[in-house]
Amino acid sequence: MPLRFFNTLTLATEEFTPQRDNTVRMYTCGPTVYDFAHIGNFRTFTFYDLLRRVLKRRGFKLDHVMNITDVEDKIIRNAMAHGQSLGEYTEKYTKAFLEDCGALRLDSPERIVRATDHIKEMAEAITGLTAKGCTYESEGSIYFRIAAFPGYGKLSHNDFTGIRAGARVDVDTYEKTDARDFALWKAAKDGEPSWDEGAGPGRPGWHIECSVMAIKYLGETLDIHAGGVDLTFPHHENEIAQAEALTGKPFSRFWLHSEFLMVEGQKMSKSLGNYYTLRDLFAQDYSPECVRYLLASVPYRKALNFTFDGLKSAATAIERLRNYKLRLESGKFPAGTSEEMRIRAARASSAFEDALDDDMNTAQALAAVFEFVRETNTAMDAGEFRAGDVASALDVLERFDSLFDVLRPSLRSDAIADADVEALIAERTLAKKSRNFQRADQIRQELLAREVVLEDTKDGVRWKRK
RNA sequence: GGCGCGGUAGCCAAGUGGUAAGGCAGAGGUCUGCAAAACCUUUAUUCAGCGGUUCGAAUCCGCUCCGCGCCUCCA
């Protein structure tokens, strides 16, 4: 089955292949580092991770650029309020963001680039746009004239031909001649950071950094540009206008947008008290894996209702898969192989792949895995699962985990060492042999307190981390 | 008001013309020193409501109700 994605540009699901070299040139909108990223942000960043893994699995090479917006109104305001320089302030949240990505096991883009490292290129691009007659200046700021770009609105599927200046109140303090015109360059204000690289003293508007950095690293036409659905308009629409007005080429072949996240059925907001960062969740003892699983399990184009019940469900589901893996690795099975099991494993693998190929239907992919787990567990109980079937079953699990990446527990820094666990298990086995169940239970309790769970099976003791 | 997305079991959620996946929770059972794990059985005659098209609709069309996003630099 071909790999297919829903393209916002065409509102259709289309077959995807990179334009050249078997390399996917992809740009994704990263965080604005004015605070810790929240769980809604990470829904989108998890979507990028899954996208990367799906593309890699297909054998494509990746050249993926993600930006860090480190100059912007809120950042400037907050940095000033803290008496810090822009760099001091954004460094803290950039570092926190990268740590959070690590905790969630997000596969890192080939390049993570900062807006402030590309001011000169942005100024050059603005000069280029001016040369093409797409801009105008007003009180030291430079604006993009959307009337100069006939395709404006093609991504968000809006018709702006009727929009006129003054059609709505402009809260921006800068003067524009058309309501939809947007700032490419904002004139310097007292006390605010500014640059003078050829566009006059000031700082870049939000949209220009993405167009400029994407083109610089990936070329004039990207294979994929992705972001949260709320960026479709105006951010991505404006990126298209800038880039295409400048190059005359289509900016990106595919536009992918991840849907919104809600919390307990409501819009997440600080005033409702349902606004969470990853740190908040980890502090409540939810594991990074269960957050990752929950975010990954709902297909990216469907609004995700993030609930604490959902987190607990995710943790239980992960446990089941880990237990299954443990059973495969530690169980004793009769020699030989089973043709039936070989077929089931092959069927599960192809169902898993097909679901992902279909615009990354992760929910359906999960169903294929769980169905296989149930089938093979039943076969094990019935004695029909053979030692020779372990490899193919582990392969299904490996396929799952190469995408979902939740089977390996995140170890705490104070975790007990494997060898110490094994030693206590040996002692407990002796205690059980002499029917000293009190000591046996005591050891199990001790280990449980250190997040290690013991299970007695007919093939002996096995253990796992909680 | 404009554009777009969605309403499937207690919760989460697949399925877009052929007779309701999967996960979690719940109930019963097998196994067990205890516990855990695992498995089996069970939980939607029905897919927001109404009408229509069709041999056949959760799936297509129309209307209604409800929720959400964007339309002011918010993933």
Side-chain angles (χ1 to χ4, degrees), chain A residues 8 11 28-32 37-48 69 72-74 153 156-160 162-163 168-172 179-180 182-183 186 205-207 226-235 237-238 257-262 265-269 293-294 297-299 301-307 309-324 326-327 331 351 355 358 361-371 373-374 376-382 432 435 437-438 440-441 444-445 448 453-458 461-464:
Chain A
T8 306
L11 296 180
T28 58
C29 288
T32 299
H38 57 68
I39 190 66
N41 299 126
F42 281 106
R43 201 264 164 114
T44 295
F45 299 134
T46 302
F47 153 60
Y48 299 162
T69 299
E72 176 263 1
D73 292 357
K74 286 192 291 286
S156 55
H157 304 282
N158 280 317
D159 179 4
F160 293 107
I163 301 293
R168 64 171 55 243
V169 178
D170 179 16
V171 299
D172 203 321
R180 304 292 163 154
F182 56 92
K186 299 183 175 186
W206 176 37
H207 314 293
V229 68
D230 52 328
L231 294 184
T232 309
F233 188 88
H235 184 53
E237 197 74 72
N238 292 350
H257 292 100
S258 57
E259 255 299 338
F260 218 71
L261 173 144
M262 294 195 297
Q266 289 186 297
K267 180 174 178 170
M268 178 170 67
S269 73
Y293 183 97
L294 179 56
S297 63
V298 178
R301 286 206 300 125
K302 167 146 185 157
L304 188 158
N305 188 11
F306 186 91
T307 65
D309 265 3
L311 274 182
K312 290 178 191 117
S313 296
T316 310
I318 292 169
E319 275 310 299
R320 181 157 167 218
L321 295 171
R322 286 178 180 168
N323 285 326
Y324 173 73
L326 207 53
R327 187 176 191 189
D358 182 15
N361 191 336
T362 49
Q364 197 158 63
L366 281 175
V369 172
F370 279 103
E371 190 178 352
V373 168
R374 177 165 40 73
T376 45
N377 272 321
T378 305
M380 287 179 200
D381 284 355
K432 274 177 64 182
R435 303 198 62 81
F437 294 124
Q438 197 183 358
D441 288 349
R444 187 160 63 195
Q445 284 306 313
L448 189 60
V453 179
L454 298 191
E455 294 168 1
D456 293 327
T457 75
K458 60 174 181 274
V461 188
R462 67 183 198 188
W463 66 277
K464 65 190 180 190

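Note on naming: letters A, B, ... go to the chains in the order of the sequence lines (proteins, then strands), and numbering restarts at 1 for each one. Keep in mind it's a predicted model, so treat the numbers as computed, not measured.
Using a 4.0 Å heavy-atom criterion, one finds that A:S156 contacts the sugar-phosphate atoms exclusively. Residue-level contact check: A:E319 touches neither bases nor backbone, having no heavy atom under 4.0 Å from any strand. Among the atoms of the strands shown, only primed sugar atoms or phosphate atoms (P, OP1, OP2) are found under 4.0 Å from some heavy atom of A:N305. Residue-level contact check: A:A303 touches the backbone only, with heavy atoms under 4.0 Å from sugar-phosphate atoms and none from bases. Note on A:H235: nothing from the nucleic acid sits closer than 4.0 angstrom, heavy atoms only. Heavy atoms of A:T232 sit nowhere under 4.0 angstrom from any nucleic acid atom. Note on A:G227: only backbone sugar-phosphate atoms sit closer than 4.0 angstrom, heavy atoms only; bases stay farther off. If you check every strand for non-hydrogen atoms under 4.0 Å, A:T378 touches sugar and phosphate atoms only. Base engagement by A:L261 is indicated by at least one non-hydrogen atom pair under 4.0 Å involving a base atom. Among the protein residues, A:N361 comes within range of the sugar-phosphate backbone only, with heavy atoms under 4.0 Å from sugar or phosphate atoms but none that close to a base. When heavy atoms are screened at a 4.0 angstrom cut-off, A:R435 is found touching no nucleic acid atom at all. Residue-level contact check: A:L454 touches the bases, meaning some heavy atom is under 4.0 Å from a base atom. Within 4.0 Å (heavy atoms only), A:P31 reaches no atom of the nucleic acid at all.
When distances are taken from the side chain of A:H38 to each of B:rA36, B:rA75, B:rG23, the shortest belongs to B:rA75. Proximity note for A:D456 (side chain, C-beta onward) versus B:rC70, B:rC39, B:rA35: the nearest is B:rA35. When distances are taken from the side chain of A:E455 to each of B:rC3, B:rA36, B:rC74, the shortest belongs to B:rA36. Closest to the side chain of A:R374, from the set B:rC74, B:rC40, B:rG33, is B:rC40. Side-chain proximity of A:R180 to B:rU72, B:rC39, B:rC34: nearest is B:rU72. Proximity note for A:N323 (side chain, C-beta onward) versus B:rA25, B:rC68, B:rA37: the nearest is B:rA37. For A:M268, taking side-chain heavy atoms from C-beta onward, the closest of the listed nucleotides B:rC34, B:rA75, B:rC68 is B:rA75.
A:E72 places its CD atom 14 Å from the C1' atom of B:rU72, with the value rounded to the nearest Å. Rounded to whole angstrom, the span from the NZ atom of A:K432 across to the P atom of B:rA36 amounts to 14 Å. B:rC70 atom C1' lies 8 Å from atom CG of A:N158, rounded to whole Å. In this structure, A:R320 places its CZ atom 5 Å from P of B:rG23, rounding to the nearest Å. If you measure from atom CG of A:N41 to atom P of B:rA75, you get 5 Å, rounded to the nearest angstrom. Put simply, CZ on A:F370 is 14 Å from C1' on B:rA25, counting in whole angstrom units. Here B:rC12 presents its C1' atom at 10 Å from OH of A:Y293, a figure rounded to the nearest Å. One atom, CD of A:E259, and another, P of B:rG6, lie 8 Å apart when rounded to the nearest Å.
Of the P atoms belonging to B:rA75 and B:rC39, the separation is 42 Å, rounded to the nearest Å. Going from the P atom of B:rG28 to that of B:rG18 covers 39 Å, rounded to whole Å. Look at the C1' atom in both B:rG67 and B:rG26: the space between them is 28 Å, to the nearest Å. One C1' atom belongs to B:rA48, the other to B:rG7, and the distance between them is 6 Å to the nearest Å. With both ends at atom P, the span from B:rC66 to B:rA58 equals 25 Å, rounded to whole Å. Taking atom C1' on both B:rC55 and B:rC63, the two are 26 Å apart, rounded to the nearest angstrom. If you take atom P in B:rU42 and the same atom in B:rG22, they sit 12 Å apart, rounded to whole Å. If you take atom C1' in B:rU64 and the same atom in B:rA21, they sit 31 Å apart, rounded to whole Å.
Both A:V298 and A:K312 lie close to RNA chain B; mapped to their nearest nucleotides by heavy-atom distance, the more 5′-ward contact belongs to A:V298. Mapping A:K464 and A:A367 onto RNA chain B by nearest heavy atom places A:A367 closer to the 5' end of the strand.
Of the inter-residue distances, the one linking A:H257 atom NE2 with A:E259 atom CD reads 10.5 Å to the nearest 0.5 angstrom.
Under the stacking criterion of a centre-to-centre distance below 5.5 angstrom and an interplanar angle below 30°, A:F260 is not stacked against the six-membered ring of B:rG69. Judged by centroid separation below 5.5 Å and plane tilt below 30°, A:F437 stacks onto the base of B:rG33.
For RNA chain B, runs of at least 3 consecutive pairs of the Watson-Crick or G-U wobble type, with both hydrogen-bonding distances under 3.5 angstrom, map to B:1-7 with B:65-71, B:10-12 with B:22-24, B:26-30 with B:38-42, B:48-52 with B:60-64.
Using modelled atom types, one finds no donor on one side chain facing an acceptor on the other under 3.5 Å when comparing A:Y48 with A:S258.
Just one of A:R462, A:R327, A:R444 meets the side-chain hydrogen bond (donor to acceptor under 3.5 Å, both in side chains) condition when paired with A:E455; it is A:R462.
Residues A:N361 and A:P299 come closest through the heavy atom pair OD1-CG, 3.8 Å. Between A:V298 and A:R43 the shortest heavy-atom distance is O-NH2, 3.4 Å. Taking each heavy atom of A:F260 and A:V229 in turn, the nearest pair found is N-CG1, 4.1 Å. Of all the heavy atoms in A:L294 and A:T307, the pair that sits closest is CD2-O, 4.0 Å. Between A:P31 and A:F45 the shortest heavy-atom distance is N-CZ, 3.8 Å.
At the phosphate of B:rC39, neither OP1 nor OP2 sits under 4.0 Å from any side-chain N or O atom of A:R327. For B:rG6, the OP1/OP2 oxygens have no side-chain nitrogen or oxygen of A:K302 closer than 4.0 Å.
Between the side chain of A:D441 and the base of B:rG33, a donor-acceptor pair under 3.5 Å is found. Residue-to-nucleotide contacts include a donor-acceptor pair under 3.5 Å from the side chain of A:R444 to the base of B:rA35.
Taking the six-membered ring for Trp and thresholds of 30 and 60 degrees, A:H207 and A:F182 have ring planes more than 60 degrees apart, a perpendicular arrangement.
In this structure, A:E237 contributes its side chain and A:S156 its backbone to a donor-acceptor pair below 3.5 Å. Side chain of A:N377 to main chain of A:V373: a donor-acceptor pair is present (N/O by atom type, distance under 3.5 Å, no hydrogens or angles).
For the pair A:K74/A:T32, no side-chain contact is recorded, criterion being any heavy-atom separation below 4.5 Å from C-beta on.
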